[in-house]
Structures are given as structure tokens and as C-alpha cells.
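Structure first, then comments.
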Amino acid sequence: MATLPAQISTAQLGCRLPGLGRTNYGSFPGEITKLEKGRSYEEWRFCRFPMADGLPSGLLEACVVVGPANNKLKELSQVNGSPLPLLDPEVLQVHAPPFLSKESLSEPDVGNVSQNQQQRFFIKKKNDRPVIKAGNPKEETTEDVRVPKDLDLVALPQLCFPGGLQITKEQKEEQFHFLVFTDMFGNQSHGVVLQFSRLIQEGLQNGHRHLYKSPQLYIAYAICVISKHPYYNALRDCLSSLLGQLKICQMTDMEEQVKEFSAKLALVPVPPPGQLYVVGSFSKVFTLQPLTIVLPSREDKNHPVIDLDLHLPLLCFKTRELLQIIASILTEQRMVFFSSDWAKLTLIVECFMLYIWPLHWQHPLVPILSQKMLDFVMAPTAFLMGCHISHYEEVAQVWHIKMLIRQHDYCAGQMADSVYGIVWLTDDLILINIDEGTVSCSGCHYIDVPDTPQAAAERFKCRFVIVLLDLHVERKVCSYTMTWKWFIRETVAILMSCGCREDWQHSLNLDIQNITLELIVNMFRDVSDYLNHEHRVFNTDEFLKTREPGDQPFYKKVLETHIFHSFLKERLNGKIDKFTQMDLSTQTEDQILSKSLDYSRRPTIKEIKILRSESLKSGLSKRLGSSLPDLDNKKHLTLPKQMSPTKTIPEKSMNTPVRPVKNFQLPEFPSPLTYPNVIHYIGDVILQLNKAISASPAVDSFLLARYFYLRGLINMLCSKRLNALSDFQNLYKTDIEIFPEELVKTLTDSLQMEERAQAEKRPELKSLICQVKNNENSEHVESDCHVRKFELPKTPMQLEEFVTCTQQSGIVRDMATSERLFEALTVGGPKHINPEMFRLFYTFWKQAEAQEIDLPVEVLEHLDNNECVYKLSSSVKTNYGVGKIAMTQKRLFLLTVGRRVYVEITKFRDIEEVKISTASFSLLRVPSLKIKNSLRQEIFEANLKSECELWNLMVKEMWAGRMMADNHKDPQYVQQALTNVLLMDAVVACLETQKAVCAASKLAYNEKQRQEVPMIIPRPTAETLKHKINPSQYMTNPQSVDVLLYTPGQLTIPDKDVDRNPKLWCALSCGKVVVFDAVSWSLKQNYIHLGESRLNCMMGLGQEQVWIGSQDSVIYIINTRSMLCHKQLTEHHGEVTDFALEKLNTENRSSADGTVIVWIVPSLKVKRQFQLSCDRLQSIQVYDDALWCGARDCVMKLSPSGALLCKISLPDDVKTTAFSRVTLLMERRQIWTSFTDSAELCIWDSSDPVKPPNRVTLPNCSGVTCMIRVKDQVWIGCSGGSGHSKVVGKIFVLDSESLKVEKELEAHEDTVQALFSVEDRYILSGSAKRDSKIAIWRVD
């Protein structure tokens, strides 16, 4: 990274920043010397954009009045026919909240501005007001106006009058334009400016009029309303309502009018994220006579407010120009927008910022430049600026001028000789003429910006046409030969006449958002496939190799931008936004299946057929193959390109579902705005919110959360901090997604001593405050947030470094395989790998993984759609003819020369024997490979010569993998075998020694397992086991399966946006939940992260919720549609251990400290709770209105109110152990109990618990870990094993009547941790981390 040259001054770069506060034009490198000396500009620019979570309590940040200085107005009185001068505007008034205090009780007007540590003073002279009062002109008095500390008053006048402050002889119509202010950290505020003209009054001197009459002149004033939120339309309407009052008021009253206007805006709360608008009568928001204003909310917390017309660029540009501008933004060009209308500049720029969402512009954003700021376009960085159209030629020409910069060197207090240097600006400006709808380049006649990806661009154009045609059919306002501009303008005119424009605009905005989001998704939909989340590495070269040739220039530039880097960080951090949801919802079944199988990235037979059919249509040639990042520059390592996943664009539209909008009506503002009236107004707002909360159904928690949020903001406004905390705490039960962490942290820090003492007495507030403190402490441990690009090592690597390097490069994911690879590459040598050795291995691995194979059409017909060719031999002689041996994940076949192109050798599951023998050829003995098929008598023999030993090793590994996969019903064995085979091939090619095959044999893991452990699966296990899956397949280290849950499908729901397949939920030991599609067993959700603690229990409630109890005492509630945790229950003070559904809408939950809480599910309110005296409460079950609680030392039967009905204690002979599990079979009056370190079961009589229990001892078992009832059977998971078997986790199936073991199932290679019954048809079992798999069993 280059450091900013010290000799270039701020002024020379056009970076004259007026102060350290917020500016309209961001922060250019000139500020670095003041803020972060010694840091390069690229580092500073990248680090300056953290966004704060704190939210302001009101709409208004400040209101500023700008106009001419009074002394200039006095001079104008002497003007008589001379040219009218151009004045410099100045700040006349600043109004910022808070406006009222208790001291203003006696004030009849708005009141005094109270002290606030977040504000600074703006000093103005009283005799500089617009109207001069009679008195002594020499007497100067001043007044102080407190100003928000981040507001830059020096630059603001120029931005309010970007064309200059002119005096006119005719009154001009009022004008609006819009501003964007960016502070040093990238936080934005937004301004709406109203310019209006007033007649200059006759001058007064010593209380007497002039003897002559001044000419009638008009001067403009500007009112700028600044807000943290981009409410452009709403604030413009507010200023329009104020304009009517300003036109009829005297200048002496204007300040009070603006102050009252500002005070009203400060009382308006900003709606929380979600579909709740702060509204007033007739579906409007709040009334500022004579207009009614609407404040829309953000769609979600990650999305900005949209209060502008997103179709504005469509009125100015065609699709070609739209895509050019989007491409320029994504490639971070220097861009300047031009228009004769100042208002268009900011609105058009903001529309494009929304078009590229969720990507964010990371550079200076300057929608409006005044005439005195034009030299900012010489800034040496990417930027986006706006100028008046009159400066178009000037900006275009200035960019070509060579800059001669005179450098002054000071030495020993004397100026040295001047040195002249030349600075060339290599990149051209992208000039965008909004008025003409053109995009040009300052240095040439063509646009040197790469085109957007072709497939995504074509889809974008088609979607826009569909939206316009839909609107045409609905409105019937124009013909098919219309233009976009004419159509939209005619539609708006018709809708304005019938009063439907707002609904139409809202619908059109949603359509445009979906179309532009779809464009971004189609550009970057498979980025996550090339990310290594564990090491935060992005395989840039591999990603580029999968792009279409015509699209590569675009991606090469985009991948180097800060925009894309920030986007990658969000993906690595697991951000789930609209982009992620749209990407997941539009994946094809083949894409989902290929990801779940995790095969090497190469085209399947089905993809080859599709590619060939497309090639025939387009006449393009096809090349197959895939590669990891090609980091070597040698030309012979160039590999064929894989089919780009982004080339396949879904035909269906990808509209995201939208919730219906709800409205909240504010009461009318009081008059006058005295302190008591404002307090009464706030009370009315809270009263209306209370009514809205009471009227909302408990099941509509989404809406309730928004009301609680609003009430919390209002309570903060009137300093009711405890009430505000209580409202925000309610968000845990309604929608945790909108919980304002930074705001609540600030609120807790501001609590007074008395308030803190009161909070300690309220358990929910005490818990909230503790959680805020814990989160604050955890924030101090910051992880590396950068995204790295994989690079080949430059120093020798030990085992640990080698494992990390192979994982970063994407060669191997799991640690065990990396360790075996390290052993293979270091056989007979030092236990380290030098850089040259790894480079060679990496090169051959890429060649082995991406070998180009051109299969004839006749061959494709014999292979399955999901097969891939992984290995191809050289041409050899076989008893089936001369040809090449090809290997897929299922079979071996021969590609022969002649009519019969395809000859199948064998499927791996049909192999009976593989061996090497020698065949006589002339006087030589040539080694040959013999493969015996169990279905044929003829033995296949091939003279593979030097390849014989390697093919023997590979075929045996694939054979062993297929046998183990079939025996264990686990396809991952084949995946592991494929990885091992490709690694063997690369190792042999890399080493090129006699020991190469011996080294490669270290990777034959499946073959070694087959030889060491007899693959004889007991018949009961083989008949009962249906399938196995691995939830840790995408993780570096295997994780224990702690809890399992099956949720049924929703086949009766007609909603096409809902995934209607059943799902398997799996809680892992790392606090993560993975979700599988229970039809295809493909991974549905990579993981849902729920803290760092162990998850103890899960329960599905209805079709839309999954409840998860954690060791950290929190109950997490997952929305099954969004797959996000929207709610949390924090009432438990110990770890949550179990759930039990009492009735349809009532649920019991237990915690380890003996607390049982009964919840009303729809409202999430506590119905009752009670405390049990026991040693660790582990389970609860409900039967016949009785609650059965299992603890380590006893089993208790309780009444619904918590009264003890009976108790079963540990038997005397097992006092040294503890109960582990309790299962009820009340139809047989049985209570089954197990023990933690004993193979014995006790079956108690529920009608006579005092009676000695029946006892059953399980064979080859050291302790019971889980137990469930299935029909008339009891399935028991345990730890144990015998003999040479690797099986540690067993499942015993006992008959509940005879109490005999019906089946003994060898389930897992580690302890059985969890069991779950799927509708009494299947049983799911999960194991500890050494096995880390889930088994699906049939139930008889």
C-alpha cells in the first residue's frame, strides 16, 4: 500500500476541509496528518467506516437558517442601477434539540435550549440579524446558540447555495435540493434544503427612513433540516408546510416560526425497522398544517430507509447506461454526475446506492459540489460527486491538465531551492449527464469500464420489461410502443389525479428493489463457495477461473475493490440478509445436492449435457474442468475453466415476501409548545401506544415488538429510563432482531443511583443490565476481521503450519486427512515440507483435480447424471481392447478406439478382488492390474506398466470406500475415498521416486480400515440402519451431536415461498445448529450460531418456531422461515435442561437449578413457576395433568401447581451413582430409569412407586446416556463396546412388556449422545465428537 506523499498539501489536492466535523464531501487524505499520522491512506480509508448502533430519539438533528449577512443588506441599499453583486451566504440561525427544560415552565413560547454536553456554541452578533432595529449601531451584543458537535457550519452555507447567493429583481419560486453529510467514521446524516426569496426591506438608520427609495430587490434564504435518516420526501413535505407560514410572517417572526417547526420535528420518533409506519389520520404520519407527512420504516435493521422514488434513474437513463453506472460504482471509478437541477443530483446518486445494496460505497460521496469546491474532483482516490451541468466542460478539461506541484523544503529555517514535479492522474473521470441520459469518459470517446456479467445483465433487462408490462396491463395507460419515461410520467399523472400515487410508488419501489437485488445476487451468488470461514481466506484465482471469459475483466476489477472486500467480510461473519435469503431460495436441487455431497468441483454428466446443448445453440466451444487458485505463473499450468454457477439464472422471478404495513398515528402537536404541554403530548403518545399494544393479538409478536420499541424511545425522551429499559427488554420476547444494543448500553450507563437500585429489584431489568455488561466485556476481544488471499508458503512448514495451509487452499478440510498427507510427503525425509515441495504438490494437485476429459456422446448415455470422471489413465492394452481407463465415483469403464466407444469394466460395489500380476510381453514381464467382478466370470486385465501400482492403490481405496459406504449407509466414505485418490495421484507425481507409491499408501485410509477391522455388520444393525449423515462435514474439527429434532413438512401450505419439506435440526457442541432437508438429507442451513454454550434441548412448536434451551440459561426461539433467532427468553437463572408441552398453548421448561416455569406460548408470559429441591433437574414430562420431573437424585410427580404427589429416590445399592434418564410408559404403569455409569435399568410401578423395581442389565454397556419410548419399545443409547470392534456407542431395543433386549445395534464409533423419534417410524441417533454422525434407523 502506498503512503500519501508528504509534499502534497491539502490545498493542492483540492481537499480543503473546513474543520474536523462532518462534511458533505467525506474526509480526504488531507485530514490524515491531523488524525492518524504515520498510517497509509489505504489503511486509514479502510478502517474509518464502523457504523454505530446508537439510534437518536427523534427525527431532527438540527435545523439551520442560511442567508445574507445584515451588513451586506445595508450596502445593498446604496445600489442604484449598478450590477447586482453575488453575496457570500452565512449561518443565521441554528436550532438543535433539546428545546425544552423544566426551567422553561414559565416561558410562553418554545422555551430555552438546555445544556447538553454533546453540543458546542455558535456565536453570532445580534446586530447581524436580517432586520436592524433602532438603537446605537456601535453597540455590539452577542448570543450563543448551542450546535451539535459534529455539524460543520463553515461548509454548510456553500452547500445550501451551491450556485451562489444571488440578488434578483424578480421573486423566484422556492426550490428544494438534498445533501449527504459524512463524518470521519463514515456515519451519514442527510439534509433537505429549502430556498425561498423575500423582499429586501428598506434600510433604517438612527430610526429614520432614507430620503430616497431603494429599488425593489429580492434575496434568497435557505432552511436546511438535518436528520440521521434519509427521509427526503418527508422532510421536503415538512418544509413545504413551513413555507406557507414563512410567506405570510414578518422577518421578525421568522426565527420563532423556524424554532417552533424544529421543536415539533424533534418530538417525532423514528419508526423501528419493520413494516410499522409512524402515521396520522387518513393513513398519514403526523400533521404539520396544512400537510400530512409519512415516515416509512426500514425494511430490516440492515437495510436503509427508502423515502424517495427509486424509478427516478429510469426516467433519465436506458438500461445500457444504468448497467454502465452500476459497473462503474462496483469497480470504484472516479465518477461525477451532472444536472441542471440540484435536487436530482443527490436523489439519483442515492438511488444507485440502493441499487447496489447490500454492497456499500466505501469512498467519498459528494452528491453536490458548489462552484468553490470543483477542485475536489482532483482527489487521488475513487469518489462519487455531483456538479451543475454548467461545469461539465470545465471538469472534463481540468482532468487532462498536468499538475505542476511546487514542493517547499525547509532546512535550518531557510527555504531550499524549489523542486518541480509532475503528477499524472492515470484514470479518467466517468462523466454522467443526468439531463441527457449519457455516460462518457473524460479521456476518450468510449467508456473504459468493463461490462456487467452478460447473463445477469440480460436477466436484469428482462425483469424490467416484465415489471413495466405488468404495470401497463394493470393501469392501461399506454401502448407497447411507449418509452419508459413517457409511461412512468403518464402513470404518475393518472395516479396523482385519483389519489393512489403513494401505493403505486411503494409497489414500484419494491419491484425495483427486487430487480436490483436479483442483479447483485446473480453477479455474486456463488462467492461463498470460495470462502474458507475458518481461516478467513478467499480463493480469488479459483473464483476467477469459473467466470465466463467475457465477464472476467469485470470480476478482476471488482475483486480488488473495498466494496467487495467489505461484502466478503459480511459473508464470513455469517450475515443473513436479503441477499443470503434470495441466494438460498433460488438454488436448484442439483446445486443443493452437489454442495451436500461435497465432491470435487468438476462438472457432472448432467452439467456436461447442458453445456453441450448451450454450445450448440450459441456456437461457442466448451471446455471442462476446475481448479484451485493458480498461483504459479508458468504457462503449462493453465487449466480449463469450469462452468460458472452464475451462468444458470433462475427463470422464475425472485420477489421477496413483504409483510403488510401497519400505521401508528401520532396525536396533534400542542400549542403553544411549553414544557407542560409537551409532557402532556408525550403522555398522549404513550397512551396511544398502550392502547395499540393492548389491541394487538399476542401471536403478532412482530407488530408488538415495534410498539415496544417506539414506547421505549418515547420513554427515553421524557427521561423515564426504567420504563424504557423494560420496553426494550420486551424485545427479547417479541423480536430480538431490532434490539438496539448501543442505545440500551447508553441507557444503562445513564441510570441514577436510585434508578439502579430499583432496577436491581426487578429481575427482568437486572438480567438485562447484566447481559449488557457481559456483552460489553466480550466486545474487548476482537477477532481478525480482514479477508486474506491465499498465497503459497515461503518458508518450511511443520505439521501445524501445513495443516493450516492445506485448509486455506481448499485442498483438504478435515485435520486427520491433512495429517496423513503430511506423513505421505515426508516419508523417509525430515518432518517438514519446504516451499518448493508444496508448490510442486499444489501444481500436480490442481492438474489431478481438474484433468480435462472430453467424453463422447455415446459415453454420456451410459453414465448417471450425478457422476463425474475423476481419473483417466494413459492409453493401455487390455483384454477388452486398447483404450483409456476412466474412473468415476461409482465405476470403472474403458474408453476404446473404434465403434464400441464405451466398455464398462465394473462398478466398485461389484468388485470381488483386485491384484497385480505380471504378463509376458516378448521377453519382458509387464505388470498388469487384474480386477475380478462378482457378477462376471471374465477377469479384467490391463497392462498399465508404470501406472499399475498407483491404479491398484486407487481402485482398492475406492472399492473399500464403496463397501464401507454400503455397509454403514454413509455416502461420506465415498467422498473421503475420492479425496484420497486425488491426493495419491498428486503425491506420486510430486515425489517421482521409487517410494512414491509407498508414500501414497499412507493416504489409503479406507483400505487400511477394511483390512484392520472386519467389515461384518451384524444383521440386526444392517437391517435396521437406513442412512447416515455428517453434520460436521463443513467444519475443521468434528463436533458432538448433543440434541436432535425433526419438524414435519408443510405440504398443505399453498405458499410457494415456504420450504414445505420436513427438516432435521441438529445441535452441535459448539453452540451451533445445522439444518438438513429430511427428504434429500442435503444441508439446508450451514449453521445457526446461538452463543458459545452447549445446547441442551429442542422442541418444535407449530410450523414456525423451534425452541432451543441452552447451558447459558437462555431459551432461543428460531423462526423456521427466516432461520433466524428472533426471540430470547431470559427468565431462567440456571441452564435450561428440558421442555414439555402441557397443552396446546402452554409449555413447561426446567432448569438445572430446580426451577420450573410454565409459559403461555402465544404471549410468552409466565403463567406460574415453582422451585424444586433436588440435585440438578434434568428432565420433565407431562402425563394426565401431572408433571414428572427427573433429577440426579430422585424422580418426582407434581401437580399442575407444583405440589409434590410422590417421589422415587435412588435405590440403596446404587447410591454412588445418579439417575441419567427417565421415560414414562403409563399405559403399562411403568417408569423407566437409567444410571450414569451403570448398565442397569430400573422399571418402577407408577401406581406403587414404593414397590421394588424390576431390574434389567444391558450387556456390554458401561452407562446409559439417552432413552426414549417408541410404540411398545424402549430405545436406549449407551456407551460401551467389546472385542476388536471400533463400535463404542450402542443402541439397545427392549420390549416394554417382556423387558427383554430385542435388538442390539452397533450404532456409532463414540457414545450415543441423543435419540429422537420421527413419528414412531424412524429413530434418529447422534454421537459424540469422535464419530460426530447422525444415524437414521427403521422402526419395526
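Hydrogens, waters and symmetry mates play no part in the numbers below; they use all other heavy atoms, side chains included.
At least one cation-pi condition fails for K1127 and F739: the charged atom is not both under 6.0 angstrom from the six-membered ring centre and inside a 45 degree cone around its axis.
In summary, the side chains of S1110 and S1093 do not present any donor paired with an acceptor at a separation below 3.5 Å, with no hydrogens or angles considered. Checking R1228 against S1296 by side-chain atom types alone, a donor-acceptor pair falls below 3.5 Å.
Between T1021 and P1018, the closest side-chain pair of non-hydrogen atoms falls below 4.5 Å. Contact check for L1324 versus L1064: side-chain heavy atoms found under the 4.5 Å cut-off. Taking the side chain as every heavy atom from C-beta outward, P1162 and I1160 approach each other to under 4.5 Å. The shortest distance between side-chain heavy atoms of R1338 and I1323 does not fall below 4.5 Å. A 4.5 Å side-chain heavy-atom check between E1319 and Y1046 finds at least one atom pair inside the cut-off. Contact of the F1316 side chain with the L1045 side chain is registered, since non-hydrogen atoms from C-beta on lie closer than 4.5 Å.
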Query raised in the report: After noting the C-alpha distance and the side-chain angles of T1265 and T1311, does the key distance pass the side chain to side chain donor-acceptor pair (under 3.5 Å) rule?
Result: CA-CA 8 Å; T1265 53; T1311 303; over 6 Å; no
Report task. Take W1188 and I1231 through the side-chain contact (heavy atoms from CB on, under 4.5 Å) test and state the conclusion after the steps. Result -> CA-CA 10 Å; W1188 292 82; I1231 302 173; 3.2 Å; yes
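The main-chain N or O of W1244 is never found under 3.5 Å from a side-chain atom of R1229 such that the two would form a donor-acceptor pair.
Ring geometry, W1107 versus F1139: the interplanar angle exceeds 60°, so the pair is classed perpendicular (tilted spans 30 to 60°).
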